[in-house]
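Just follow the structure's listing: the first ligand is 1, and inside any ligand the first atom is 1. One is the number of the first residue; the rest follow in order along the sequence.
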Amino acid sequence: MPENLSNIALIVGGSRGIGRATAIRLARSGCDIWLTYRGNHEQAKITQEQIQQLGRKCDLLCFDVSDHEATEKALRNRAEETAPSIIVYNAGITRDNLLVWMKPEEWSAVIRTDLDGFYNVMNSVLFSMLRARRGRIVAVASISGQVGQAGQVNYSAAKAGLIGACKALAREIGKRNIIVNVVAPGLIETDMTAGLPKEQILPMIPLGRIGQPDDVASVIEFLCRESSMYIHGQVIGINGGLST
Ligand code: NAP
């Protein structure tokens, strides 16, 4: 049986960017971290070291979330032993293109990682959390999933799907004291957005700055606090006013 009260936070896609900032925030607030990533060992190790310097444990788990079998192999038995108390589903990719030019693999890579991956992780871990009758789930969607974005039909569809999945899951498992919410970042400075023309987007952001990973991590940490436990099934925009 899983321990009833673990202090483990599973950060899916935690090697870099928003996931790293979230892992560090949650480690600072007392969590040990299971940090997953796809293949960037160097960045994952840097994050692990930063967490260990805070006096917390950090297990690195390298697998592709779009692969159900690999995800299950990495997570199911581990979660059966000790249920994580927090899951942050942050893994995501973009393959931007106009729909008419979009290749099938650009469509499916994004859907498989940003949406199917959520199912793969939850299907592997949720049962242990249900038995523990306690938990927090936060998924990282996007403003693109809320309002749509030209050139990102695949990504917008995946993130809108993720929002729908979390709203449904919130209704399904709320009674088990598992809180489910979504954050929807706008433009955040990470590897994912390194190639975007920021000077063109900046005038559209009322706060007049690009977001930093910690702008998102601080909201995720807030949603995981005991004092936030009446926020459930919500989508919290973190976008500097880009969409209201
Ligand atoms: P990032 O710096 O590119 O980091 C992506 C993370 O996801 C990395 O840890 C990466 O692992 C992992 N990952 C990607 N594909 C994976 C796969 N198939 N299996 C396992 N792990 C995988 O991205 P970010 O900008 O921090 O974005 C994090 C999340 O926020 C994403 O879901 C993204 O869609 C969302 N978001 C970002 C922005 C933004 O402006 N940056 C805005 C809105 C929403 P590796 O390091 O091993 O590749």
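- The shortest N or O to N or O distance between Gly19 and ligand 1 is not below 3.5 Å.
- A salt bridge between Arg112 and Glu105 is absent, with no side-chain N of the basic residue lying under 4.0 Å from a carboxylate O of the acidic one.
- Of all the listed residues (Gly145, Ala74, Ala21, Gly13), Gly13 holds the heavy atom that lies closest to atom 12 (C) of ligand 1.
- Atom 13 (N) of ligand 1 has its closest protein heavy atom at Ala91 CB, 4.0 Å.
- Residue-ligand proximity: Gly186 is placed with a non-hydrogen atom under 4.0 Å from ligand 1.
- On a distance-only criterion, Asn40 and ligand 1 share at least one N/O pair closer than 3.5 Å.
- By the criterion of a heavy-atom distance under 4.0 Å, the side chain of Ile93, and not its backbone, is placed next to ligand 1.
- With rounding to the nearest 0.5 angstrom, the CG atom of Leu61 is 8.5 Å from the OH atom of Tyr37.
- Within the structure, ligand 1 has Ala141 among the residues with a heavy atom less than 4.0 angstrom away.
- Interface of Gly17 with ligand 1, defined as ligand atoms under 4.0 Å from a residue heavy atom, comprises 2 (O), 26 (O).
- Although no hydrogens or angles enter the test, the distance criterion places no donor-acceptor pair under 3.5 Å between the side chain of Asn239 and the main chain of Gly186.
- Checking Ile210, Thr190, Leu196 against atom 24 (P) of ligand 1, the nearest heavy atom belongs to Thr190.
- Polar contact check, Ser142 against ligand 1: no nitrogen or oxygen pair lies under 3.5 Å apart.
- Of all atoms in ligand 1, numbered sequentially from 1 with element shown, those under 4.0 Å from a heavy atom of Gly14 are 9 (O).
- Taking the charged nitrogens against the carboxylate oxygens, Asp64 and Arg38 have no contact shorter than 4.0 Å, which rules out a salt bridge.
- The Thr193 neighbourhood of ligand 1 comprises atoms 39 (C), 40 (O), 41 (N), with distances under 4.0 Å to a heavy atom of that residue.
- For ligand 1, the atoms closer than 4.0 angstrom to any heavy atom of Asp64 are 17 (C), 18 (N), 19 (N).
- Counting heavy atoms under 4.0 Å from ligand 1, residue Lys159 touches it through the side chain alone.
- Between atom 34 (O) of ligand 1 and the options Phe63, Phe118, Tyr155, Tyr89, the minimum heavy-atom separation is to Tyr155.
- Side-chain contact of Gln50 with Arg20: a donor-acceptor pair under 3.5 Å is absent, judged by distance alone.
- No donor-acceptor pair under 3.5 Å is formed between the side chain of Thr71 and the backbone N or O of Val121.
- Looking at Asn90 against ligand 1, both its backbone and its side chain come within 4.0 Å, counting heavy atoms.
- Residue Leu187 places no N or O, backbone or side chain, under 3.5 Å from any N or O of ligand 1.
- Side-chain atoms of Ser144 do not come within 3.5 Å of backbone N or O of Gln149 as any donor-acceptor pair.
- Annotation: Thr36 places no N or O atom under 3.5 Å from an N or O atom of ligand 1; distance criterion only.
- Counting only non-hydrogen atoms, the option in Leu61, Ile188, Val140 that gets closest to atom 30 (O) of ligand 1 is Val140.
- The nearest protein atom to atom 26 (O) of ligand 1, hydrogens excluded, is given as Ile18 N, 2.8 Å; this is a heavy-atom distance.
- In terms of polar-atom proximity, Arg38 is counted as a contact of ligand 1, with an N or O under 3.5 Å from an N or O of the ligand.
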